[in-house]
Amino acid sequence: MMKFSKAIVSTMIIGTCLTACGNQQKKQSEMDKTPEAYSMLNVLEKLPQHKMFMFGHHDDPVYGIGWDGDENRSDVKSVCGDYPAMMSFDLGRMEIYGDKTLDNVSLDRIRKEVIAQYERGGMSSFSWHVDNPLTGKDSWDVSDSTVVKSVLPGGVNHDEFIGWLDKVADYLNSIQTSEGVKVPVLFRPWHEHTGSWFWWGKNLCSTEDYKALWRMTYDRLQEKGATQLLYAYSPGTEPKDSTEYLERYPGDDIVDLIGVDAYQFDKDAYVKSLDNALTIMSQVSKAHKKLMAVTETGYETIPDSLWWTQTLMPVIEKYPISYVLVWRNARERENHYYAPYPGHPSAADFVNFYNDPRTLFAGDMKTIK
Ligand code: BMA
């Protein structure tokens, strides 16, 4: 019954895609994105029009609770029978190690999973917890407030940083299907910048420098031919209104999707802040014609057996989001997980969330593409 109604809407989406193909042709001639990136944008745009959104999970198919590196495995799939429709991965420290990320996941494996996800009709996104190029420490090293300046043109770390951007571009460009099509993905750099816990955060750089960092990132990746990318802007829940939300917004021409990263610690505070962020984003989304999503969320260890249908759903169902994504199920850190696994107290409620016709998992996407 649930799946049946999802299939009907999928057909409607295919119908509307046909109209949008004309626009794709026009934009394609401007060469700012590949046709595959436009198709991805198109699907992301249609989902909320049909009151549907994708469920997403970070590092979903590469490790989980009690396992690491197994093939064809996912805690989400083990619980509900399907992979998330959106998977996210992180590029952090690939610029240093070259072959793996800060969470010790092989880049070859991620490439394989992103291709598999694309082929099964799903989507992938990338964040980048990039090391601090001035101090050599991690993203969370906020001991110096000249780091952003140092990577901009004229800065002491500019050349080295351009090299890092090139590594990101080369890697993303290497994610191709067997026919040589670059897999379109959503890139979400410089996230949670309205807080001050990353070296690119609010108190660590000026508005002008933050925007310049975005522009330089976009321009370099475009120059390197990474035109298969869509871009997401994702502040935290700090902005109180749309003016604050847009304070460091880098520009309509380089952003495709606006998001929010919001985590639960206290239920009332979470519901209030997520609701508030989504209200602001709905206004911004309309005014700037941008897609919107809950780019990161979750309740660590999910100590509430009805969290999916009684806390998360009642907030997000009110807004036209394209996806909601929960953070990773760490295998190397105790009690750092955000999706259920078999036997978890919220697993039954997650299955109800999965069965809701509005939530999309990978299997629901095949008919949409
Ligand atoms: C954070 C935590 C860290 C992790 C980082 C990048 O929120 O999960 O353990 O290294 O994200 O994935």
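Note that these values count all heavy atoms, side chains included, but never hydrogens, waters or copies made by symmetry. Both counts, for ligands and for their atoms, begin at 1 and track the order of listing.
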(message) Any nitrogen or oxygen of Asp90 lying under 3.5 Å from a nitrogen or oxygen in ligand 1? Just yes or no.
(response) no

(message) For ligand 1, which is the ligand I care about here, please tell me if Glu332 has any N or O atom under 3.5 Å from one of the ligand's N or O atoms.
(response) no

(request) Verify the ring-centre separation between Trp128 and Trp164: is it less than 6.0 angstrom? (result) no

(request) May I ask you to decide whether Lys77 forms a salt bridge with Asp82, counting only side-chain N to carboxylate O separations under 4.0 Å? (result) no

(request) Using a strict 4.0 Å threshold on nitrogen-to-oxygen distance, state whether Asp108 and Lys100 make a salt bridge. (result) no

(message) For a quick check under 3.5 Å, do Trp214 and Tyr210 share a side-chain donor-acceptor pair by atom type?
(response) yes

(message) Under a plain distance cut-off of 3.5 Å, with no hydrogens placed, do Tyr245 and Thr194 share a side-chain donor-acceptor pair?
(response) no

Nearest protein heavy atom to [atom], by residue and atom, and its distance?
{"atom": "atom 7 (O) of ligand 1", "answer": "Trp327 NE1, 3.1 Å"}
{"atom": "atom 12 (O) of ligand 1", "answer": "Asp103 OD2, 2.6 Å"}
{"atom": "atom 3 (C) of ligand 1", "answer": "Arg333 NH1, 3.5 Å"}
{"atom": "atom 8 (O) of ligand 1", "answer": "His336 NE2, 2.6 Å"}

(request) Test Asp209 against every option in Lys202, Arg248, Lys149 by the salt bridge (Lys or Arg N to Asp or Glu O under 4.0 Å) rule and name the one that passes. (result) Lys149

(message) Quick test of your reading of the structure: of Arg93, Arg328, His58, whose heavy atom lies closest to atom 9 (O) of ligand 1?
(response) Arg328

(request) Just jot down the ligand 1 atoms closer than 4.0 angstrom to any heavy atom of Trp140, in number order. (result) 5 (C)

